[in-house]
Amino acid sequence: MLDIEDLSVVIRRPGRQVAALSNVSFSVAPGEVVGLVGESGGGKSMVARAIVGMLPSGSHATGRVGFDGADVLRMDAAALAKHRGRGAAICFQNPRGALSPTRTVGRQLIDRLVTHQGMSGDRAVESAAELFASVGIRNPGQRLRAYPHELSGGMAQRVMISLAAGCAPSLLIADEPTTGLDVTLTAEILRQFRHAADTDGRGVLLISHDLASIAEVCDRVVVLYAGTVVETGPAAKVLREPAHPYTRALLRSVPDVGGGRVVATAGGMPLLTAAPHDCPFAPRCAHATDVCRTTRPETEKLADGWSLACFHPQEAPLSVVNAEKSDNAATEAGRIVLRVEDAHVVYRSRFGSGGHHALRGVSLELRTGETLGVVGESGCGKSTLAKLIMGLVEPSAGAVAVAGKDVRKRSRVERTRAQMVFQDPIGSLSPRRTVADSIAEPLRAAKVSTADRARRVEAALGRMELDDSILTRYPHELSGGQAQRIGIARALVGEPDLIVFDEPTSALDVTVQAQILEVIADVAADAGHGSVFISHDLATVRGFADRVVVLYLGRVVEEGPVDEVFDHPRHPYTRALLGSAPRLGATRAADVQLVKDLDEADAATGCALAARCPFVTDTCRSQEQTLQPYGESRAACWRVPELPALIGKSDS
Amino acid sequence: MRILRFVGRRLLQLIPVLLGVVVLTFLLVRVLPGDPIRSILGPNATEADAAAARARFGLDQPLWKQFLDYLGGLFTGNFGTSIQSGSPVSGEMALRLGPTLELVVIAVAIAVVLAIWLGIWSARRADRLGDHTVRIFALFGNSIPEFWLGLVLILVGYAALGWFPAPSGRVDPDTNLTPLTGADLVDAVLTGNGPAMASAAAHLVLPVLTLVIGVLAPLLRSVRASALEVLHSEAYAAAAAHGLPERTLLRGYLRRATLVRLPSLAALVFGTAIGSTVLVEYVYSWQGFGQWALRGLLYRDYPVVQASVLIIALCYVLIFLIADVVHAVLDPRVRI
Amino acid sequence: MADPQLAPVVIGGGDRDRRFARALIYVGGAILVVAALAAVFAPLLSKWGPTEIDPAGTLATPGGAHLLGTDGNGMDVWSRVLHAARIDLGIAVCAVALAVVVGTLLGLLAGYLGGWVDDVLMRIVDIFQAFPTFILALAVAALLGDGFGNLVLTIAAVNAPAYARLVRAEVRTLREMAYIEAAKTSGASMFGILWRHLLPNSLTPVRVIAPLNCGWAMLTLAGLSFLGLGVTVPTAEWGSMISLGTSDVVAGRWWTSVPPGLALLVCVLGFSLLGEGLQERADAKRR
Amino acid sequence: AAGSKSDPKSGASAGPAASTLRIAVSSYLSSWDQDFVGFDLTALMLFKNVYPYMIDYGVTTAGDSQILDTANITPTFAESFEPDSEQKVWTLKLRQGVKFASGNEMKAADVKWSKDRAFAAQANVAGIYRTIGLTKAEQVVVKDDYTVEFHQEFPSALTRQIQAISLYVFDSVEAKKHATDADPWAKEWFAKNAPTGGYFNVSKATQGQEIELSANTGYPGPDGAKTPTIRISVVPAAANQRLQLQAGDIDVALGITGQDLQDLKKVDGVKVLSAASNNQVAIQMSVTNAPFDDVNVRKALAYAVPYEQIIKNVYNNDARPTKSLVPLDMPGYSETGYPFGYDLDKAKAALAASGKTAVSSELVFEANNDEQQKIAIQVQAEAAKAGITLKLTPLDPATLGERRTKKSIPLQITTGQLWVNDVEYMLATSFVKGAALNYSNYSNPEIEQIYTKSHTTVDDAARKALWTQVQSILATDVPWVIICQPNFNLPVREKVAGWVQPMDGLARLRYLSASA
Ligand SMILES: Nc1ncnc2c1ncn2[C@@H]1O[C@H](COP(=O)(O)OP(=O)(O)OP(=O)(O)O)[C@@H](O)[C@H]1O
Ligand SMILES: Nc1ncnc2c1ncn2[C@@H]1O[C@H](COP(=O)(O)OP(=O)(O)OP(=O)(O)O)[C@@H](O)[C@H]1O
Ligand SMILES: [Mg+2]
Ligand SMILES: [Mg+2]
């Protein structure tokens, strides 16, 4: 159905030129799910745009985008209008942004139904509701009247899928449908696409930067690197025995809940200005030889639709390198650097009473040399916890002390004793301050002399493996990875007692993420300070945390040594999280499946998870759950002892 | 319901602002040099005459007493008595406010409609000749001083072409229009006076045109910019990528999304337009609010100045309130 | 490899917007530079002083001793048009600069501190904004006299509220930004945050609005002069020159008020073009 | 415009062209109540035409124009107004059959009520009555329905002049209907409702825009209004008045000055009525405020003023130079001892004589007065050459009024005409201590003496002698710099006839007529 042949797109703008795609060829058949993976900027979205004939202005495209025999690139306006939606429909990368903010989602869906399925009036409303229901939206009649901003991220993504499906396309394109969603949701959303291919016989092109997460639902994968296809093949094959060094690097960069270590590949993806005459991966490739650097490898066909563009295909199956942890650091009890006691945080609404209860009684303790992992779904209060520790929000009850000092009563210098690394690497650097200025900020507060400041900034920079030349740059001139290194350098430069990492890698590309994780693992291992590492991605925590706490709607639901919690989860919520985390190689079906999305309203009484937990009883609904010791870890669920049995039952 | 609560809350917020305006104006007119009493007395008046006149207007009272009296009057809708004319300010003001509001409302309404239409047209043809031409022309209009433009329009429209009535009023008195609101076109419509309607409309053309030309550019720029933003937005691209027809795109996805930011700007423009009518009123012999307020100020007619500033401020804040409500209606994201 | 029969498909557009924006900025800038030069070198460019009265008489036609003739007072129109640029541009630019400084300061404080400070400051701003321009102008002129500085004050007072609002809105979004939190956790003082982080970043919209505002300030000044509330005669100022010459136009003596009118128009246009160009560029960057 | 002229409806309802005259004025009147109005020329002009004034100036011919004769005051609505032998009791006899618009006949009670009201008002009329010894309501006595007596405290030569501008009468029967306890004189009602009973009645008034006057058919006198309908429209911008006059949309433009007048002389269909006037343009120097408290500095300025140039540049040579502080055409005018003319050397010398090389001052003028502004500019330029730096200060009416009463203005331009063409009156108003128009704060014992003497001097020659003396004293003291006496000009459509030049600046519309 879709048959892209030798598609090259060069975008010409005054003063710069980008070869977004170079000689890309692949095809999608009806009923087939094809994954398109690669790092940010690899050209994935460009492929999607080419398929619907919406290349950005200034594009020069060659080659052919065949669709049911016609060439999309050369369609006239009328043909394009027909092709878009009915032929190929995209689910956009950022569903919230892709929904028109001033029109109800129902109207938007009906617009599609009317246009492409010729429906009218009540009939359209009816099928809109049906479509909503079929993508898993509860209470569709009411949701039809919602505006996009009233939807949660997961809900918006579902609406987006229903919009695309509403066009009844032959080819459904999903551009990063799961980025930014929680693990539990990701799995569910991906299943939707598989479903579309299987039941409606649609072709599906699934675009993602994260191979691991989409691998499960794809029939075939296409790996893009710098606008070129480096490897294509059946999903299982490419995942288990990737032949291209880049595919292998990509896979190894993904942290693994099983405890597999990330192996970082140095360097970043090049921005090409013209179709390459060499292997674009060569500079980062451990196997590269001279031929790689001078000649572009042809795409060679291997067995069963497997093709590859590499002079040095690798053959060994990708083995999981298990981390040998240096446990000594954890056992060596240092002084206490952080103590949080029964902290509550309420965000007050601007008018009247009420507010949002973001943290509900959290207690923590952390010593130097220790690393505490904090995990939980989006919105569970992780960032609030970080801000609380940093003194950026005031606890409405309870106490927080850093290095023995109550955070509320700290002087300017004492405030620098705790440092934070932020989620958004570029956004956390002041746009009009140079890198040197940003890094030196904590030193300025500590009244360090100018000369001393420069020296220490350089030292911190050196540790981040960055060059001095970067010091005079401004944040917008940095890549995400560089910016995050600067952020870490800034946290380190004042030799603080405590460093809080708030999802430091979630905004980064897979391979860059691996690099940063290595740096962080190194920093966290320092005995001089304690670290708190916050992540929604369980796997990243496993690599180097000593202990881990699991947050759910502002409460700690489980806590314990990292291996214990990961290998023997007690709380149903932890189990669900771990179960839905994608794993390379083995597909691990979740043993606990949560119903519904995270909803703040659920936190009212009793166990917060009650509304979503498959094992819920009346006791759960009425009784507040507190942390109880179960083996080495503690969990806030009274049914823990019964769970293995219950899970076994639901299995059969 | 929520809207009402919002409006209620905002109205409460207006109280300190209006009170501030009241206090500030009250003090300001009194610290200004110039004696309102002297300007109504002949040159032969003695100090005793002046004192009598001062007493007549309560200006012999201590300042705090004057202020309390004024404030008390405001609560009962009594704006005091004009020193110049000796008649109640509220009556005079009612006669003057109508014509000016009529002028400004019509002009801003036309400018807004024109801006929406041209702005979207222009954005859809972004960076083509038509777009550039429209924008440059709007900028030109925006750069001409209103009084100058007014004169040119009179020279062309009245003196040279004779298409429009003489710039000496708002309606032909021969049409025997019964004034109700002071806004002649409205009055003509209300009383069903056909000739007056035609005459009032003819008198409105040039002053309205002057104002429209003056305020079009910022509105146009805003509409065009937000239309472009919408056109470049993912949301619009998504709708287009799903092959929705032009009409649906324009109506459902472009227009309303474009307009969300307009109300507050329109309010601002309305505010400045009220301010600048004083010039247009002069040029077109439009005996409106601005001329009245200006004259009051020149003769230090305290009650007139106080009332006119308060009313302008009130119009201003109310218009902003309306803009916020319209914004809330247009943009579902606004939480009120 | 590329199919030789398939010629590349070119999707047009792309950079025209930038070219237009650049053209706007260049043309606007050029106009202003010329105007500024004219203002600076006015005495060199004209034989007559701006308030020098030609004993030969009034309303001389252009040409001869007077390039653009003389006005109703017997003063050289060309010289006055040039010299007026000093007053008009000077007052407009100074007033806007003052408004920017004051407005930004207020906006920064209100936006960052929030709470009652914000409420109080913004109510004051509301009061000023709701106050009619001409009354404010007359009040200031009557109170302080009508000199250059006072007109600057007046026009600044009229414009400052807009900047306060603009900056406040900007600061309110910026203060939630990660880098402000980062600065706080790095021990930056309040002053440091305001001065080093919020100020430079909140000025982006101000930079775009300020030139537009300069044009508007010139029109306000001209309007004030037209009503006799602006610059005192015989100081050369475009607004008062136009106002003096209105009846001359009706009589066909275009030279007394058309040249100052054109000068005003062109300068305001210069500011508008510049502002529009900057706006366009900012918008393009945002897209 | 062609547009509205060709509008058949407006033509139809306006009746035959000759029955209607259209006049443009610059502003709308601020109030209809003459007892409480400020100095508002538009209002005062309208009052002259809508209030019944018992006596008024007669008409005389000067050159080829007709002017109001201030020396000849005749009864109009009154049958007669004559003094007793002591000149202390004046008897006003009313015409019978004069009707107000309400239908009420004008009677002595109306006069009495009106005068009571004026005294109670403590405003305009009460102020000027003081000069003729009328201070209390009891001094006005009703004799019978048509006879009223005014009992003055002392005899005065100015009684007729003062009463000419003060003896207007309200419809008291109607007024009492609108009086309340809080407002016994119906001020509120009169502020908004036009008085009736004058030569014209206001048949329609559109606030701020137009006033329609129709001739009072209830006036039994011989000199009733010549035109049945006069429409007065408000057109603030002089340029607009001019355009409308050119287009024939108005017949008389009362707001056109300066260059426009010269231009209009050349326009088809328009004529400019011109007449010599007693309007005097001067610069008053405060003799009690520095720097003009020094007579040499005053002299320096008097030499530095470019008289000829002002007449040329400001008045297009349509003004008469004068060489005395007494206006031209005033009996007794003499140029004796008046040395001043434009001479910068003498100016510098005079300044040097004062011991100063440079002085500075503000020069105040009316903010909305183009002529004064132009004069100020010309004076400033020349004075600077003589070492006198002048800062031009336009003042709005309120500030000007306040500062004038404080007598704190060092230098100001004044324009004005004396309502009584007599030097005694001039001294009374301008040159004796405390006189209302004596903004210079000038006082000279000799002048005071002459002034007192003049009260009792009736012999013409003797008075002339006194006036010559006055003029030479004033020429030495130079409290004023007399600039010139501009001629009066009025642009009208060619069809307009009957214009009588008002020596008080307030047009008497009853004389106006238009040929069809
Ligand atoms: N409108 C555009 N103008 C110029 N260059 C563009 C444009 N859109 C994309 N590019 C460039 O084209 C290349 C491919 O971009 P594309 O959006 O396809 O990447 P992607 O793989 O989808 O990345 P991501 O994971 O970030 O979505 C990038 O180098 C990008 O900078
Ligand atoms: N300033 C605020 N005012 C009101 N509510 C807030 C505020 N900040 C956060 N919240 C709410 O508090 C809850 C917890 O927010 P928090 O940012 O801590 O979540 P998180 O776990 O960090 O989520 P994410 O993974 O998306 O970063 C969320 O529901 C959020 O909407
Ligand atoms: Mg993409
Ligand atoms: Mg977070």
Side-chain angles (χ1 to χ4, degrees), chain B residues 32-36 38-46 48-50 52-53 81-88 91-92 95-96 99 151 154-155 158-159 161-177 179 195 202 282-285 287-288 291-292 295 297-300, chain D residues 1-4 7 9-10 13-14 24 27-28 30-31 33 36-40 122-124 126-128 130-131 187-188 190-192 204 206-210 212 231 233-237 239-240 243-244 246-247 249-250 367-368 395-405 429 436-437:
Chain B
L32 287 186
D35 183 353
R38 280 290 162 189
S39 73
I40 60 162
L41 296 176
N44 296 317
T46 60
D49 296 340
T81 306
S82 161
I83 297 176
Q84 283 292 312
S85 72
S87 55
E92 289 192 4
L95 278 174
R96 297 295 195 128
L151 185 73
I154 289 174
L155 272 178
Y158 164 69
L161 300 175
W163 289 353
F164 299 102
S168 65
R170 310 188 302 265
V171 68
D172 189 337
D174 293 332
T175 56
N176 288 316
L177 177 63
Y282 174 79
V283 173
Y284 288 99
S285 315
Q287 294 297 321
Q291 286 297 309
W292 180 66
R295 191 181 142 85
L297 195 66
L298 289 177
Y299 288 89
R300 304 291 187 274
Chain D
S4 66
D7 182 356
K9 277 201 193 83
S10 70
S13 64
S27 63
Y28 194 78
S30 49
S31 166
D33 189 346
F36 293 100
V37 81
F39 188 73
D40 172 349
Q122 279 190 278
N124 303 342
I128 45 175
R130 228 173 275 125
T131 46
K187 276 192 314 218
E188 212 163 284
F190 274 119
K192 277 184 292 191
K204 194 157 60 187
T206 319
Q207 160 88 14
Q209 205 177 305
E210 202 189 61
E212 188 182 279
R231 313 185 112 184
S233 57
V234 179
V235 182
N240 283 348
L243 282 175
Q244 291 183 46
Q246 286 177 359
D249 280 345
I250 53 174
N368 51 356
L395 288 184
D396 56 56
T399 319
L400 189 61
E402 187 188 48
R403 292 193 58 188
R404 276 183 174 166
T405 41
T429 53
L437 303 179

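Computation of the quantities below employed the complete heavy-atom set of this structure, encompassing side-chain atoms and omitting hydrogens, waters and symmetry-equivalent molecules. The structure displayed is predicted, hence computed values, not measured ones. In what follows, chains are A, B, ... by sequence order, proteins preceding strands, each numbered from 1.
Within the 4.5 Å cutoff, side-chain heavy atoms of D/Leu243 are placed close to those of B/Ile154. Counting heavy atoms from C-beta on, the side chains of B/Thr81 and D/Lys187 never come closer than 4.5 Å. Between D/Ser27 and B/Gln291, every side-chain heavy-atom pair lies at or beyond the 4.5 Å cut-off.
Among the candidates D/Ser31, D/Ala398, D/Ala239, D/Ala367, the residue making the largest number of heavy-atom pairs closer than 4.5 Å to chain B is D/Ala398. Of the listed residues (B/Ile83, B/Val171, B/Leu155, B/Leu32), the greatest number of heavy-atom pairs within a distance under 4.5 Å of chain D belongs to B/Val171. For chain B, the option among D/Ala126, D/Ser233, D/Gly401, D/Pro397 with the highest count of heavy-atom pairs below 4.5 Å is D/Pro397. No other option in B/Ser82, B/Pro88, B/Pro99 has as many heavy-atom pairs under 4.5 Å with chain D as B/Pro88. Here D/Gln244 is the residue among D/Gln244, D/Arg403, D/Glu188 with the most heavy-atom pairs under 4.5 Å with chain B. With chain D as the partner, the residue from B/Gly288, B/Pro167, B/Ala52, B/Ala50 showing the most heavy-atom pairs under 4.5 Å is B/Pro167.
With a 4.5 Å cut-off on non-hydrogen atoms, B/Arg295 touches chain D through its side chain but not through its backbone. Residue D/Glu210 touches chain B through its side chain alone, counting heavy-atom pairs closer than 4.5 Å.
We find the CG-CG distance between D/Leu400 and B/Leu298 to be 12.0 Å, quoted to the nearest 0.5 Å. A distance of 8.5 Å separates CD in D/Glu402 from CZ in B/Arg300, rounded to the nearest 0.5 Å. Considering CG of B/Asp35 and CZ of D/Arg404, their distance stands at 14.0 Å, rounded to 0.5 Å. D/Asn240 contributes atom CG, which lies 7.0 Å from atom CG of B/Leu151 (distance to the nearest 0.5 angstrom).
A donor-acceptor contact shorter than 3.5 Å is absent between the side chain of D/Asp396 and the backbone of B/Tyr299.
Between B/Ser285 and D/Pro236, the closest heavy-atom pair is OG-CD, 3.3 Å. Heavy-atom minimum distance, D/Ala191 versus B/Ser87: CB-CB, 3.7 Å. When all heavy atoms are compared, the tightest approach of B/Gln287 to D/Val234 is NE2-CG1, 3.5 Å.
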